[in-house]
Asks: 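The structure follows.
Only heavy atoms go into these numbers, but all of them, side chains included; no hydrogens, no water, no symmetry mates.
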Amino acid sequence: MKKLLISTLALVLLAGCGTKADETTEQITVSFDQALHDSLPQAVRDRGYIRFVTDASYAPMESFAADGRTIVGFEPDLADAIGQVLGIKIQIVTGPFQTALDKVADGTYEGVLSAMTDTAERQKKADFVDYLSAGSSIIVQRGNPHRITDLTGLCGNVVAIEKGTIQADLLHRSQSGCAGRPMKISEYKTNADALLQLRTGRAVAVLNDFPAATYLATDSRTKDYFELASAAQYSPGLIGIPFAKGNSQLRDAVKGALDQVVANGTYADLLQRWNLSSGAVKAVSINGATQD
């Protein structure tokens, strides 16, 4: 049996680098599965680790700890559990969200661990292992000075968004409802850049997945600056890890590990730790998206 520490640390950025931070003493037992380990691609077993890429600006899914280099959050903790089951290291490295799928397709990384929503369009490039459900929510400045309550309220205003996200697509689709008062959609490399525009008043709103939006509105470090425009979740979908087409052996091994993490209760405990229980799925799925 191996032990998984539920901690605000997740994983090292590169093999041998990084340390655990703010680790608690609470432990959950996660069993190593020899059969799943043996089902990993030989190249992965020989190398000894799986590489995931992330944009670590999306708490509570993933963000940097106080040391500025350790990546913490629900997804790093989930990856740690996957690694325990598979008996292999999981490396998480940072990179632009916009090019993440291309870097998986060309073999730079095995997958993306960055709250990436499974869509039919993205499935043209990758196969998804889906483990969380969420929609998109509107974040505004605390006090909601522009009285934004829905997407139509963004018409005629500047909205900041991370480039390449489903939220950017949602905003562009919503322009048709603005009746001559189009939004000015400003797209940025990271979610942190978009949020800075909102906090400084250069944009009236940012769209995030509901878990990240709720975190900003409730965490003690950010709630004085941000709130939800409403409780609405737009275009709900599934979040997953995309793997390159043709890498079904690794995809299926990771799915098998996640199945065990769900079955043994670790998944539910991690969701509770990061206040994400509302996004729980009953079962892990492959390519669960039915529409964009």
Asks: Donor-acceptor check, side chain of S174 to backbone of L170, threshold 3.5 angstrom: yes or no?
Replies: yes

Asks: Taking the side chain as every heavy atom from C-beta outward, state whether K163 and F97 have any pair of such atoms under 4.5 Å apart.
Replies: no

Asks: Are Q34 and D38 close enough that a side-chain donor and a side-chain acceptor fall under 3.5 Å?
Replies: yes

Asks: Can you confirm whether Q272 is buried at CD, in the sense that more than 12 heavy atoms of other residues, nucleotides or ligands lie under 6.0 Å from that atom?
Replies: no

Asks: If hydrophobic clusters are built from ILVMFWY residues whose side chains come within less than 4.5 Å, do F64 and M61 share one?
Replies: yes

Asks: Only one of D118, D102, D106 forms a salt bridge (Lys or Arg N to Asp or Glu O under 4.0 Å) with K125, so which one is it?
Replies: D102

Asks: D150 versus S230: any side-chain heavy-atom pair under 4.5 Å?
Replies: no

Asks: Is there side-chain contact between V53 and T94, with at least one heavy-atom pair below 4.5 Å?
Replies: no

Asks: For side-chain hydrogen bond (donor to acceptor under 3.5 Å, both in side chains), just list the numbers for Q42 and D46, CA-CA rounded to whole Å, side-chain angles, deciding distance to a tenth of an Å, and then say yes or no.
Replies: CA-CA 6 Å; Q42 186 64 50; D46 291 345; 2.7 Å; yes

Asks: Do I138 and L195 share a hydrophobic cluster (ILVMFWY, side-chain heavy atoms under 4.5 Å, transitive)?
Replies: no

Asks: Quick one: are L196 and D193 in side-chain contact, heavy atoms under 4.5 Å?
Replies: no

Asks: Using salt bridge (charged side-chain N to carboxylate O under 4.0 Å, His left out), reason through E110 and K103 one step at a time and then give a plain yes or no.
Replies: CA-CA 9 Å; E110 276 71 60; K103 291 298 183 180; over 6 Å; no

Asks: Does any part of the side chain of L86, heavy atoms only, come nearer than 4.5 Å to the side chain of I50, both counted from C-beta?
Replies: yes

Asks: Should L216 and E227 count as side-chain neighbours, where that means a heavy-atom distance under 4.5 Å?
Replies: no

Asks: Just checking K245: does its NZ atom have more than 12 heavy atoms from other residues, nucleotides or ligands closer to it than 6.0 angstrom?
Replies: yes

Asks: Could you tell me whether R199 sits above the aromatic face of Y225, with NZ or CZ closer than 6.0 angstrom to the six-membered ring centre and within 45 degrees of the axis?
Replies: yes

Asks: Are the charged groups of D55 and K189 less than 4.0 angstrom apart, N to O?
Replies: no

Asks: Angle between ring planes, F243 versus F52, binned at 30° and 60°: parallel, tilted or perpendicular?
Replies: perpendicular

Asks: Set out, in order, the CA-CA distance, both residues' side-chain angles and the distance that settles side-chain hydrogen bond (donor to acceptor under 3.5 Å, both in side chains) for E187 and H172, then state yes or no.
Replies: CA-CA 11 Å; E187 301 187 40; H172 287 292; 2.8 Å; yes

Asks: Hydrogens and angles aside, do D209 and Q167 bring a side-chain donor and acceptor to less than 3.5 Å of each other?
Replies: yes

Asks: Give a yes or no on whether the backbone of L113 and the side-chain of T54 come within a donor-acceptor separation of less than 3.5 Å.
Replies: yes

Asks: Has T214 got a side-chain atom pairing as donor or acceptor with P211's backbone, closer than 3.5 angstrom?
Replies: no

Asks: Can a donor-acceptor pair be found, under 3.5 Å and without considering hydrogens, that links the side chain of R142 to the backbone of A217?
Replies: yes

Asks: Does any N or O in the side chain of D130 come within less than 3.5 Å of the main-chain N or O of G288, such that one atom is a donor and the other an acceptor?
Replies: yes

Asks: Quick check against the 3.5 Å criterion: does R122 have a side-chain atom that pairs as donor or acceptor with the backbone of T117?
Replies: yes

Asks: Minimum heavy-atom separation for I185 to I161, with atom names?
Replies: CG2-CG2, 3.9 Å

Asks: Is it true that R251 and D127 have a side-chain N and a carboxylate O under 4.0 angstrom from each other?
Replies: yes

Asks: If you measure only the distance, is there a donor-acceptor pair under 3.5 Å linking the side chains of D269 and T266?
Replies: no

Asks: Does the pair D33 and Q260 meet the rule for a side-chain hydrogen bond (donor to acceptor under 3.5 Å, both in side chains), with working shown?
Replies: CA-CA 9 Å; D33 189 300; Q260 292 201 15; 2.6 Å; yes

